[in-house]
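Note sheet for the following structure.
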There are 2 protein chains.
Amino acid sequence: MAARLGVVSVVQAIVKSLRARIFSGELAPGTPLGEVDVAAHYEVARPTAKAALENLVASGLLTRNAHQTARVTLLSSRDARDIYRTRAIIEAEAVRLLASKRQVPAAARDANAEITTLADASPIDIIDPDIRFHAALVQALESQRTSAIYAQLTDEIRLCMTHVQDATLLSTQDIAAEHARLLQLISEGEAAKAAKALEEHLQTASSKLAEHLESL
Amino acid sequence: MAARLGVVSVVQAIVKSLRARIFSGELAPGTPLGEVDVAAHYEVARPTAKAALENLVASGLLTRNAHQTARVTLLSSRDARDIYRTRAIIEAEAVRLLASKRQVPAAARDANAEITTLADASPIDIIDPDIRFHAALVQALESQRTSAIYAQLTDEIRLCMTHVQDATLLSTQDIAAEHARLLQLISEGEAAKAAKALEEHLQTASSKLAEHLESL
DNA sequence: AATACGGGAATTGTCTAACAAGTACACAAG
DNA sequence: CTTGTGTACTTGTTAGACAATTCCCGTATT
């Protein structure tokens, strides 16, 4: 694998920057991002900004109708449920495979350990290790395309997080405990129970999230 | 839902045309598609052709490295296995859901009926109904994102087909019989057996396909 | 003879400038 | 209050140009 250098393309650099600004909350959902504004902000030509925006529209982070300025996607509770439903399908399969081999990914264990140490930290800080935990499970499928699809889903998952901002939907301890129980079931080879535990874990998170989105 | 008119964008029209030409075999895997060539062929500006090519690269139909001309993606046997592995995850979940509700999609039944009537037709003719059969299963999940992901996968599945051209990998009758058995298991509520039948169905197709790709 | 090293051709990446086409909003008229 | 119109703004597309990179091939060297 070649070393990942910083910038290979101006467009990619803008995409990367915009993604970071969206995830950080600087660009809140609903914020309009016109081509000329982006071009002026990064001091590039409009076609370059246009290409970057189209990239983000394709990945779902931005939404745009023809001849209308793009906006940071405003997710509905229905979207949130759909996203979690989709990720559950992939992750459940990964968990079944892991359990059948009684193989607990080290990366998942590490990520969850990190969550436990952040018990009294800001809710935003557990987003990253939580995502790494779930990504580590999917990684076990060793499928290039499944991982790519999940990475795309991860973008939308992070976008969900920006909608709730700093509201605490679930306690950090509960999350870590459910993760630990999931890993325990995997190590015991309980494929069906592990898959069910995962689905319930995502189901509760999805419900809390959808509930919060409806209250806006 | 607003009525879908023909063309809303020149870029989309070119993308649509190129997709059709790739699937039809006119543009075989490995065929180079330069920006200037495409621009000249459709009598549009190079940036327009560029945008269309980038769209197809994003969907996996074309492959391109920086500063190199795009080519119709040449799939390896490893790719084929990965594609079928990924679709199996999604379709298996759909089949489990359908079986739990003992609900056989009418569209799937119709598509398979069409396959049986095409018993002695060209292998190319069964691609369409076969894809419709499997898409009908996924449709049952009623997940916008899962369907979108599956549609993207369908592009790569069709690309697989163009690699084998007119080679007969499986008999039409066998395919129809396996489909019929799958629907039967769904109607009986045998979720686990139905999911397993589907996975085996895809597994055999995947093996035949990968075997054929390695022989090139 | 095989390999390493330039040099040139071809292709893509990006920019500037401009015009065309579409949408949304405000405002006026019925 | 609804309908129609017009203007401002944004995007869609085109044209031409230059820079940067890659690939290929011929040459020179070992």
Side-chain angles (χ1 to χ4, degrees), chain A residues 1-22 27-74, chain B residues 1-22 27-74:
Chain A
M1 178 73 78
R4 265 278 197 247
L5 295 179
V7 175
V8 289
S9 161
V10 176
V11 174
Q12 284 184 13
I14 296 176
V15 168
K16 187 177 176 182
S17 171
L18 284 176
R19 281 168 43 111
R21 291 171 68 191
I22 291 172
L27 300 174
T31 304
L33 260 67
E35 296 183 355
V36 290
D37 302 328
V38 174
H41 185 278
Y42 291 100
E43 295 181 358
V44 295
R46 189 165 71 92
T48 305
K50 179 188 183 68
L53 290 176
E54 281 172 350
N55 189 314
L56 291 169
V57 168
S59 66
L61 262 46
L62 300 183
T63 305
R64 176 169 59 172
N65 297 331
H67 295 94
Q68 275 173 273
T69 145
R71 289 172 177 277
V72 180
T73 300
L74 210 51
Chain B
M1 179 72 81
R4 265 282 198 244
L5 295 180
V7 174
V8 289
S9 160
V10 176
V11 174
Q12 285 185 13
I14 295 176
V15 168
K16 187 177 177 182
S17 171
L18 285 176
R19 280 169 43 110
R21 291 170 67 191
I22 292 173
L27 300 174
T31 304
L33 261 65
E35 296 183 355
V36 289
D37 301 328
V38 174
H41 185 278
Y42 290 100
E43 295 182 358
V44 296
R46 188 163 73 93
T48 306
K50 180 188 183 66
L53 291 176
E54 281 172 350
N55 188 312
L56 290 169
V57 168
S59 65
L61 262 44
L62 299 183
T63 305
R64 176 170 59 172
N65 297 331
H67 295 94
Q68 275 173 275
T69 143
R71 288 174 179 276
V72 179
T73 300
L74 211 50

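Below, each value reflects all heavy atoms present in this structure, side chains not excepted, and no hydrogens, waters or symmetry copies. Just so we're on the same page: letters track the sequence lines, and every chain starts at 1.
- With sequence neighbours left out, the salt bridge (charged side-chain N to carboxylate O under 4.0 Å, His left out) criterion links A:Arg64 to A:Glu35.
- Applying the salt bridge (Lys or Arg N to Asp or Glu O under 4.0 Å) test to every pair with at least one member in residues 52-62 of chain B, sequence neighbours left out, gives these pairs: B:Lys50-B:Glu54.
- Looking only at distances, no side-chain donor or acceptor of B:Thr48 sits under 3.5 Å from a matching main-chain atom of B:Val11.
- Annotation for A:Val44 and A:Ala49: closest pair CG2-N, 4.3 Å, computed over non-hydrogen atoms.
- Of all nucleotides in DNA chain D, those with any atom nearer than 4.0 Å to a heavy atom of chain A start and finish, going 5' to 3', at D:dT10 to D:dT13.
- Between the side chain of B:Arg71 and the backbone N or O of B:Gly30 there is at least one donor-acceptor pair closer than 3.5 Å.
- When all heavy atoms are compared, the tightest approach of B:Val72 to B:Leu62 is CA-CD2, 3.7 Å.
- A pairwise comparison of heavy atoms in A:Leu74 and A:Pro29 identifies CD1-CB, 3.2 Å as the closest pair.
- The main-chain N or O of B:Val36 is never found under 3.5 Å from a side-chain atom of B:Arg46 such that the two would form a donor-acceptor pair.
- Taking every heavy atom of residues 62-72 of chain B and every atom of DNA chain C, pairs under 4.0 Å involve B:Arg64, B:His67, B:Gln68, B:Thr69, by number.
- Partners of A:Ala40 according to the side chain to side chain contact (heavy atoms under 4.5 Å, CB included) rule, which considers only residues two or more places apart in sequence or in another chain, do not exist here.
- Taking a 4.0 Å limit (strictly below) on heavy-atom distances, residues 33-56 of chain B reaches DNA chain C at B:Gly34, B:Glu35, B:Arg46, B:Lys50.
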| message | What verdict does the side-chain contact (heavy atoms from CB on, under 4.5 Å) test give for A:Ser59 and A:Leu56, after you've listed the backbone C-alpha separation in whole Å, the side-chain angles of each residue and the deciding distance to 0.1 Å? | response | CA-CA 5 Å; A:Ser59 66; A:Leu56 291 169; 4.3 Å; yes
